[in-house]
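In what follows, residues are counted from 1 in the order of the sequence shown.
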Amino acid sequence: MSKIDKMSILGVRSFGIEDKDKQIISFFSPLTVLVGPNGAGKTSISGITSTVLIKGKLMLWEFQDAHETDVRAQIRLLLTDVNGEKVTIQRSMLCTQKAKNYSFKSLDQVITRIKDGEKVSLPSKCADVDREMITALGVSKPVLNHVIFCHQEESNWPLSEGKALKDKFDSIFAATKYIKALETMRQLRLTKNQTVRECQVELRYLKQNKEKAQQIRETVATKEAQLMASKDNIQQIESQIDPLENRLMEIDTKLGKVMKLDNDIKALESRKKQMEEDNKELEETMEQVFQGTDEQLQEIYQNHQRTVKEKERKLTDCQREMDRAGRECQRLTKVKGDLLVEQGRLQLEADQHTQNNLKTSISQVRSLSSYLEMDGYDRPPFSTLQLKSFHSHVTQRLEHEKQTASQVLVRNSSFEEQQKQQSIDDMRDKKTGLERTVELKRDMQGKKQQEMRNIRAELQRLEGSSTRLQDLENDLAKAERELQAAVQSSNMDELRAEVVELQKEKAELDRAQRQLDQEMELLNTHTMARTQMEMLKKDKTEKEDQVRKIKSRHSEDLVSLLGHFPNKRELEDWIYSKSKEINSTRDRLARLNKDLASSEQNKNHISAELRKKEQQLTNDEEKFFNVCGSQDLEQDLTKLGDDLEKISKQRAMLAGATAVYTQFISQLTEEREPCCPVCQRTFPSESDLQEVISDMQSKLRLVPDKLKNTEQDLKRKERKRDEMMALRPVRQSIVQFQEKELPDLRNRLQTVNREIERLKGDVEEQETLLVALTSEEETAKACLQDISLMDRYLMDLKEVERKLAQQATKLQGVDLTRTVQQVSQEKQEAQHKLDTTSSKIDLKRKLIQDQQDQIQMLKSTVNDTKAEKLQLSSDMQKQQQLEEQCVEFSAEIQSLTRDIRNAKEQLSPLSAALEKLQQEKQELVERKRQRQEEGQEKVDICAIKEKVKAIATLEKDINAYIHEGKEEYKEQKESELQETNTQLHEAEKQKEKINKEIGNIRQDIDTQKVQERWLQDNLTLRKRMEELKEVVAKREVLMKDIGNMQVLQLRQERREADRKLDELKNNRSIAVGRQKGFEDEILQYRKELRESQYDKADELYKNKMIIMRTTELVIKDLDLYYKALDQTILKFHSMKMDEINKIIRDLWRSTYRGQDIEYVEIRSDVDDNASAGVKRRVYNYRVVMVKGDTALDMRGRCSAGQKVLASLIIRLALAETFCLNCGILTLDEPTTNLDRENIVSLAHALVDIIKSRSSQSNFQLLIITHDEDFVELLGRSSYIEHFYRIRKNQDQNSEITKCSITSLSTYLH
């Protein structure tokens, strides 16, 4: 078990902040007692102990006492944890004063443990210090706050109002977290129920998706079978198309060659025609055609080209010469322009030289010579020698005048000016010394006067002090009289007595108010029951209406489907059986569709084969008819044999006719007496003979042609006979088709058609059945949700009826004569009286406080007046010393004033003399200046100098113009301009000559160009003639090539192949279209299968079913856990409450000495209707006092002593019950409001408790009290040897002193 060993305190509340003020206290076992007067800091120790164990805010040292804005505090506590290990906890805190409040801050929190002989520190940054300390003590935070360490102001919490009491008991029992666990289970069960409902809804749709996906897969399988059959048919058609396409490609290649040859021939013919036209046009444009050979024409053309090139070279040279001449003309023109500009500038300078410099110089020389009365300078122009002579005379005259004026001035003024200046300097030095003396004396006089003014001000202030002192004595006497009068007139004792009476009246009103509250609570309980019953009836009516609406909505459909109105289970079973029937119908429909598709495929195959046979029969018959012309092959063959025999005989006859006719003619011509070779008849005349001979010769000439025709006819007949013999198998095939194969195929096709019609009828019948079944299933599914809702409503109706019966049972035998309104009115009146009484108490207390404030203010006035009187008395003693200093300063100031006056008297004549000397010097300087001006008026030297300077400047400009040679330069530029004009004239003449030569050469070249054109036309004509011959030769070759190709036969063959290919492609297109339709359908079905609702429909259905079943299992388990935890909490609560009440009963009987209460106990009211689906169990705690069979609530009915004792005993019982691992208990002022008898019994009860717990080594009882008699009673036992006395030292800091219990007895006596 845990216990506390030692604690040090620094800077908390009344404990000082210096190191010397640190207080250390060791806690004894089993009993530690703290004794001290009120305000000494006893209770602070309990608060500090609980704060250091569980972090909180403490009131640190007062800022006014510390004289600082920041106050720091530190608490260290040594304790033993539940494992028996030593643990040290240190908390450092800082409190900072703000403008209107203060801020509290925890600086450092460290836990130190000793492990394996070493100290291990755990700072607050690495762990939760509060949690660590709670773990170390082995009790919960509520037990620490409300049981172990309970402040005196909160020690009566067991008798507080209901909600606060409930919160504290719930936290002590740790019921909150279990209630939260129950609430979490309940909410989780509701969530899971909602999940199950959502799963049921989703499962219906997932099942539909699953069945739809299965149907789509079966359809895809059927379509894939049809697709495979279609592909086989297409492959068979393509095997027939490939040879035809290859043959067409060969024919197209040959025809392409033919077309190319034909295009080439046409192109050559067009080119030939065009060339002939071009040659004709060229000949027409030419004057004559050259008749020589090509070599001669070529030689003439080359010679002509050489001549033309020579002319063009000459033309190029002339053009270059022309360009050079042009550039030269441009250059000369530019030079001419520059020379003209320069000539104008030089002419302007010459004019300026003549007009300005020369004339001005002559006029100034004449003017100056006239002013100086010099002869010989009145007739210009002047030569250089004359000008030099003029300058020398002027210079001599100026020097002579200067020397004369300077000698006169220096002689007269130099000595007098020096004497005057010496006198002025001496006078000025003397005056400066006197002024410095006056300034120093004035500074000293100012300082003395300032000090004197300060002393006089102090003396003036002290002169009024005597009057002020007398006034203060009068004010002090008046204030003391007012203070005595206020003390005598105050009625605070009477007011305090009235406050006590009003407090008693308020207590009675509080008791009446509590009774009315209980009555109101009882009425509210019954009212709540009636209200709840009305709500239940309303809920029942609403649910019955909902059930009736559901039945009216679905009654007709469900009765038509099932024959009666089912419940949820029956409807689900019917839907399940209907779903099985729909699935079997879909299976039959899929098989029928598969058979139908197979039959249609078979039909298509038979139809294709029938069309193929019919086409082949048509081809054979057409072929047979083309050869025979009739259908009777044997008759045609017999007839053809007779024709062949007849033609063969005719051929043999014609073959022998040549020899016979030749022999007959020879006989007739050679014999003398010719006779007919056949009949041996002689001819009557020669003419007859010749007629016969000529006739025979004519027949002999026709025999070869007839023989040739007969042989050709014979060959044709034999070829036809061979072809007809080759048609015998075709005839057999035709007979086979007509008599056997085609009738069989038609019979098979009719059979298949009948089978298809039968299957279509079956499919339509099954589809109709499936639609009907699906419609019924959907109708039932649409009703299922409402039926489920109706079942839930029916269950809710049963629950509502059960609750109605419970509420009716609760309301049986209840007397409701008093209404809630009456009790509420009485409660308001009682509350009004209570408020009035509270206001009176506050008013009385305010009057008491005002009188106290007035007396305190008067006392402060008296003290202030006394202090001011003492200060004035002290100041009066300094007045004589200040008067003496004032006399001394007056004498010194008068002496300084005399000295300053004497110095000023000496300064006045000096200033006048100095001014007179300065004036005389100024007059002397003025006279000197006047004499100088008179000399200058006589000869104006400066004016002469200026004129001489101007004349020199003009002469300088004239000489510069002459020396620079500008006149010669001007003449040179004029000659250059004339030469340039001559060169420019010659260049323009050369340019005109070259231009004329260029014109002649160009005329010759144009003439040669005409001849060149004629020669080129002749060369072009001869070249075109050669090209025309080549085109004709190529055309003949191409005509020969195209004649070797059998174009007509190729085109006939191509038409036949195109016809067959078109037919095959048509059949293939039909088959491909059918195949494309199958593929599109398959893709559409597969795309539909890939959609989210069908892709994993089976898996989603399975997973959702698993989720629903597992969630249902979770709901069942949560219900079991809820009931188990609820029963466990109830059992634990009952056991603990029985244990606590037993301890309370024993302690009360052993402590309380009154006879009005046998015992007290804690009672908790429980709502037994809690389950997982209803709101959680609620405990309502109250403390009752029992006398006989009657139990009354102690709150509002017990005295203050009973209240304190009951609260103390309840805390002891709670500590005995919940502090199994912690033997610490703090009792703060346990004897408050207890009479002597109960104090003695409490002491004996505590001793008994200590005795019973003495076997526990770590049991600690900490008692804080000011009642030393109570401590002495405890000291009579053997469990206390020392106690701690707490008092304040002279610095008003709390000090803890360890004292022996024997010293307490001595102190008391």
Side-chain angles (χ1 to χ4, degrees), residues 285-287 290 296-361 381 384 953-1020:
T285 56
M286 295 167 60
E287 295 180 358
F290 184 75
Q296 292 174 350
L297 179 61
Q298 192 68 28
E299 184 179 358
I300 293 170
Y301 180 72
Q302 291 176 358
N303 293 333
H304 179 269
Q305 287 291 103
R306 282 193 291 272
T307 303
V308 172
K309 287 181 181 179
E310 183 66 23
K311 295 287 184 181
E312 289 178 347
R313 185 184 62 76
K314 288 182 180 181
L315 178 62
T316 305
D317 294 339
C318 289
Q319 286 177 345
R320 280 198 292 270
E321 290 293 333
M322 184 69 177
D323 293 337
R324 279 196 296 272
R327 287 194 296 272
E328 183 65 20
C329 288
Q330 290 177 357
R331 186 185 68 79
L332 291 173
T333 303
K334 184 178 180 182
V335 171
K336 179 181 177 181
D338 295 339
L339 289 173
L340 288 171
V341 173
E342 185 67 17
Q343 183 186 13
R345 186 181 65 80
L346 293 172
Q347 185 65 38
L348 181 62
E349 288 181 354
D351 294 341
Q352 290 177 353
H353 173 69
T354 303
Q355 294 291 331
N356 298 330
N357 296 339
L358 287 175
K359 291 181 178 180
T360 305
S361 177
T384 304
T953 302
L954 291 172
E955 290 179 353
K956 184 179 179 182
D957 292 339
I958 293 168
N959 292 330
Y961 181 79
I962 294 169
H963 289 314
E964 287 176 0
K966 291 188 176 180
E967 189 67 31
E968 292 81 0
Y969 182 69
K970 175 186 174 187
E971 294 175 356
Q972 180 185 351
K973 291 298 179 181
E974 288 176 352
S975 63
E976 288 179 359
L977 177 60
Q978 188 175 2
E979 185 181 355
T980 301
N981 287 331
T982 304
Q983 291 176 358
L984 180 60
H985 183 66
E986 290 177 356
E988 288 178 350
K989 284 183 178 181
Q990 181 67 20
K991 185 177 178 183
E992 289 177 359
K993 181 181 177 181
I994 294 170
N995 194 13
K996 185 176 181 181
E997 187 178 355
I998 287 172
N1000 295 331
I1001 293 172
R1002 283 180 176 171
Q1003 187 175 2
D1004 292 341
I1005 289 173
D1006 291 338
T1007 304
Q1008 294 296 329
K1009 288 289 184 181
V1010 175
Q1011 182 65 21
E1012 182 183 2
R1013 179 65 181 173
W1014 178 76
L1015 292 172
Q1016 285 179 352
D1017 289 342
N1018 278 288
L1019 288 172
T1020 302

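Between D323 and R320 no salt bridge is recorded (no basic side-chain N to carboxylate O distance below 4.0 Å). Between K989 and E986 no salt bridge is recorded (no basic side-chain N to carboxylate O distance below 4.0 Å).
With sequence neighbours excluded, the residues satisfying side chain to side chain contact (heavy atoms under 4.5 Å, CB included) with K314 are E310, I1001.
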